[in-house]
There are 2 protein chains.
Amino acid sequence: MSNKIAKYISISEEIINSIESGEYQPGEKVPSETEIISTYKVSNTTARKSLLEIELKGWAIRIKGKGTFVLNRSEDVHLTRTLGSIYTTREGFDEKLIMEGFKPRNVILEKEVINAGISAEISGHHYIIEGKVVRIHRLRYADDILMKDETRYISLTKCPKINMLESTKSFFAIYEQVYSLELEGIKQTLSTTIFNPDTTGNYFESAIPLPVFILDSAVFCKDGAVVEIEKSFYRGDKYKFSVISNPEI
Amino acid sequence: MSNKIAKYISISEEIINSIESGEYQPGEKVPSETEIISTYKVSNTTARKSLLEIELKGWAIRIKGKGTFVLNRSEDVHLTRTLGSIYTTREGFDEKLIMEGFKPRNVILEKEVINAGISAEISGHHYIIEGKVVRIHRLRYADDILMKDETRYISLTKCPKINMLESTKSFFAIYEQVYSLELEGIKQTLSTTIFNPDTTGNYFESAIPLPVFILDSAVFCKDGAVVEIEKSFYRGDKYKFSVISNPEI
């Protein structure tokens with residue numbers, strides 16, 4: 001049994017390697033069940049499992065009666081970020097990149113104080129920050145690739161003079177450590193869009209159309225006040241978002 | 001104060017209506033702060049808040065020194081689905097669509113029994129279902145628009161003969177009610193890609209490139225066994241995913 005498992009995995013890995021090396025191009029077929037049976041001298045069960053494995057890993061798609069075709073996901077090196085967790089949000093964007101072996105760099109495009117508060121709609125719900133708010137628009141790079149185009153609106157009532165702080169810490173760490181805020185929760189919504197090379201406001205210098213995640217989020221304190229609203233764009237060819245389940249909700 | 005809030009919201013709504021009606025096209029500028037001040041006889045604070053409101057609602061993007069430009073999101077009628085929650089996953093895909101006023105329809109493309117189990121990789125973690133598995137590939141429509149291309153792999157050890165059941169219930173309800181399984185959690189990962197009209201395996205009949213969410217998920221029982229693995233494609237122009245925060249994790 002364990003030999004059998006090793007066999008179908010080794011066949012699938014060999015085929016995935018050929019996809020990665022470009023031998024099988026997106027849209028092309030990988031070897032069929034029959035071809036795998038005759039090439040590797042395996043049973044049809046093993047051949048089918050090899051193809052399933054390739055499909056389940058996201059490299060190809062099986063179409064009934066036609067074959068298994070390579071998907072256009074060859075640059076499939078995605079960083080994974082966890083949603084729905086204050087704990088992981090506490091780790092900064094830069095810290096995570098450093099742990100993953102990248103050199104982070106930030107460019108502040110704009111920092112402005114808005115006097116009369118702001119409101120944002122996230123999945124049909126209205127979130128309001130009253131009073132003075134600072135809007136910080138940053139471009140966030142990893143090894144000189146723009147990964148995230150980030151705009152945050154932070155309550156200056158909750159975090160006076162946060163706009164004057166120079167810090168390499170995450171804003172979450174600053175809210176908790178500098179301003180002693182008790183964070184209660186975070187509401188996040190992901191949508192997706194395509195940025196074409198000529199899309200207005202597109203800072204991602206991609207020569208081809210780019211799938212982009214749009215993250216809208218609001219962070220609340222235990223007293224119910226909204227401390228931060230964020231609207232950011234993540235490169236969809238570089239990121240995945242995963243969710244930790246909550247069996248109680 | 002309350003009149004002031006009403007004013008900037010009504011101005012932003014008027015401009016959003018003009019975007020929706022096509023008066024301002026994607027890539028075009030909406031009225032500037034100065035133009036809003038003179039048209040509506042309001043203060044510059046109100047004018048700025050109107051533009052911020054439009055930006056925060058995702059209709060436009062402000063570019064420093066250039067103006068506020070309409071984003072290409074005019075068909076922005078998104079259905080929101082919640083991730084990380086067994087509770088909301090228990091409600092079926094069809095049930096949710098009905099509640100939202102759509103007529104759901106399902107087309108089963110394939111239903112096959114795999115004898116030797118399967119494994120899938122979700123965010124670097126390997127999930128395995130041992131023994132017989134049924135693979136069900138369905139196209140899920142709302143009012144004749146394909147919303148989701150769904151493939152589920154379900155353990156026939158945990159759910160014997162589930163492939164023979166005819167039911168309009170969600171699989172989650174079936175796991176719990178018919179097979180009395182105690183579900184412990186769900187691990188979900190979202191990635192995004194672009195389906196071009198000629199992408200192989202693309203069942204979405206869109207004449208233009210389509211942003212697509214790819215949802216990979218695994219569902220476990222309290223005994224640790226994986227009962228279901230899913231890989232589905234959601235139309236990215238029709239869906240948003242939101243996350244309920246979990247302050248404890």
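Each chain gets a letter, A, B and so on, in the order its sequence line appears, and its residues count up from 1. These numbers come from the heavy atoms of this one structure, side chains and all, not from hydrogens, waters or symmetry mates.
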Residues passing the salt bridge (charged side-chain N to carboxylate O under 4.0 Å, His left out) test with A/Arg135, sequence neighbours excluded, are A/Glu110, A/Glu112, B/Glu55
Interatomic distance, CZ@A/Arg235 vs OG1@B/Thr192, rounded to 0.5 Å, equals 12.5 Å
Side chains of A/Thr189 and B/Ser242: do they bring a donor and an acceptor to under 3.5 Å? no
Okay, A/Tyr203 and chain B: the region with an atom under 4.5 Å from a heavy atom over there is side chain
If one checks every heavy atom of B/Phe233 against chain A at 4.5 Å, the contacting part turns out to be side chain
Distance col, row B/Ile61:CD1 vs A/Asp149:CG, nearest 0.5 angstrom, shows 6.0 Å
In this structure, OG of A/Ser43 is separated from CG of B/Asn115 (nearest 0.5 Å) by 10.5 Å
Closest heavy-atom pair, B/Lys240 versus A/Ser191, reported as atoms and distance to 0.1 Å, is CG-CB, 3.8 Å
Whatever's closer than 4.5 Å to a heavy atom in chain B on A/Ile229 counts as side chain
request  = Check whether any side-chain heavy atom of B/Leu52 lies under 4.5 Å from a side-chain heavy atom of A/Tyr153, and answer yes or no.
outcome  = yes
### Query
Do A/Leu56 and B/Ile118 have side chains that get closer than 4.5 Å, going by heavy atoms?
yes
If one checks every heavy atom of A/Phe69 against chain B at 4.5 Å, the contacting part turns out to be side chain
The interface call for A/Leu190 against chain B, heavy-atom contacts under 4.5 Å, is both
* Is it true that atom NZ of A/Lys132 has more than 12 heavy atoms of other residues, nucleotides or ligands lying nearer than 6.0 Å? -> no
dist B/Ile208:CD1 -> A/Ile194:CD1 (nearest 0.5 Å) comes out at 7.5 Å
Residue pair A/Ser119 / B/Glu53, side-chain donor-acceptor N/O under 3.5 Å = yes
_I want to check something: taking the side chain as every heavy atom from C-beta on, are B/Phe241 and A/Phe213 in contact at a cut-off of under 4.5 Å?_
no
Quick one: does A/Lys57's side chain have a donor or acceptor within less than 3.5 Å of a partner on B/Ala120's backbone?
no
A/Glu182 meets the salt bridge (charged side-chain N to carboxylate O under 4.0 Å, His left out) criterion, sequence neighbours left out, with none
